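Values in this document were obtained by computation on a predicted structure and should not be read as measured data. Starting from 1, each residue takes its place in the sequence as its number.
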Amino acid sequence: MANHKLKQEILAAVLAALTIALSLMIVIPVPATHGMVTLCEVGIYTSAILFGNPVGVFVGGASGFMIDVLSGYPEWCLFSLVIHGLQGLVVAALAHRASGVVRGLVLPMLAGSLVMVVGYYLATSLLFGWPAGLASIPGNLIQVGFGLVVTVTLVASLTRFNPKLSKGMIR
């Protein structure tokens, strides 16, 4: 049992590091909010769908936090930790109930996307006022939409190559 827990912790750390690297390699600036659109959702959604919780929560929170630290946005670190952690939690919890086919995983990712968009709207409104919060919505919608499309493609490819993944989630 301890060996399984250690493997899960190592897997979560590796997936968080991959999510951070992926997010820092492909960055689209958003001039309206001085923010950025990243591929963070791909790592969060894929981890949450394939490995459930607590991997989804850890990958979401840790990668969101570290992306902001490494990108020079310290004021967002705690917000990202909570928002992306909740995003991973929601996707993993709902994906666990899904049928395991890719079509059944879109709803959990949409729910996670809603958590992210609303969370960053509230955080941006708190820091910079509601007009800035509204300005953050289009960029966040683009980010979660792109993350959803890439994740569906990635999960479909992974489940085709690994029969264990075709049942939905592995633990």
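When the options V115, I44, I67, L89 are evaluated for a side-chain contact (heavy atoms from CB on, under 4.5 Å) with H84, the one that passes is I44.
In this structure, the separation between CG on L50 and CG on L105 is 8.5 Å, given to the nearest 0.5 Å. Rounding to the nearest 0.5 angstrom, the gap separating the OG1 atom in T124 from the CG atom in N140 is 7.0 Å. Note that CD of E75 and CG of L126 are 12.0 Å apart. Values are rounded to the nearest 0.5 Å.
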Output, in order, the C-alpha distance, side-chain angles, deciding distance and verdict of side chain to side chain contact (heavy atoms under 4.5 Å, CB included) for M109 and I49.
CA-CA 9 Å; M109 289 188 288; I49 289 167; 3.8 Å; yes
Please evaluate residues L148 and L110 with respect to the criterion side chain to side chain contact (heavy atoms under 4.5 Å, CB included), reporting the C-alpha separation (whole Å), side-chain torsions for both, the decisive distance (0.1 Å), and the verdict.
CA-CA 8 Å; L148 195 139; L110 287 174; 3.7 Å; yes
Mind running side chain to side chain contact (heavy atoms under 4.5 Å, CB included) on T151 and E41 for me, showing each step along the way?
CA-CA 8 Å; T151 302; E41 273 64 35; 5.7 Å; no
Verdict with reasoning, T19 to Y45, per side chain to side chain contact (heavy atoms under 4.5 Å, CB included)
CA-CA 10 Å; T19 301; Y45 293 161; over 6 Å; no
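Residue N53 comes nearest to A92 through the heavy atom pair OD1-CB, 3.3 Å, listed as atom of the first residue, atom of the second, then distance. Across P54 and Q8, no two heavy atoms sit closer than the pair CD-NE2, 3.7 Å. Of all the heavy atoms in A123 and I83, the pair that sits closest is CB-CD1, 4.3 Å.
Clustering ILVMFWY residues whenever any of their side-chain heavy atoms sit less than 4.5 angstrom apart, transitively, puts V117 in a cluster other than the one holding V149. Clustering ILVMFWY residues whenever any of their side-chain heavy atoms sit less than 4.5 angstrom apart, transitively, puts I20 in the very cluster that holds I26.
With sequence neighbours excluded, the residues satisfying side-chain contact (heavy atoms from CB on, under 4.5 Å) with V14 are I10, L18. Annotation: side-chain contact (heavy atoms from CB on, under 4.5 Å) contacts of L78 (sequence neighbours excluded): F65, L81. Checked against side-chain contact (heavy atoms from CB on, under 4.5 Å), A111 has the following partners two or more places apart in sequence or in another chain: V90, L94. Applying the side-chain contact (heavy atoms from CB on, under 4.5 Å) criterion to L114, with sequence neighbours excluded, gives V118. Not counting sequence neighbours, F58 has no partner by the ring-ring contact (aromatic ring centres under 6.0 Å, His included) test.
S23 places a side-chain N or O within 3.5 Å of a backbone atom of C40 that can act as its donor or acceptor partner.
Sorted by first and then second residue, the side chain to side chain donor-acceptor pair (under 3.5 Å) pairs involving residues 56-71 (not counting sequence neighbours) are D68-S80.
No more than 12 heavy atoms of other residues, nucleotides or ligands shown are found within 6.0 angstrom of CZ on F146.
The side-chain heavy atoms of L127 and F79, taken from C-beta on, include a pair separated by under 4.5 Å.
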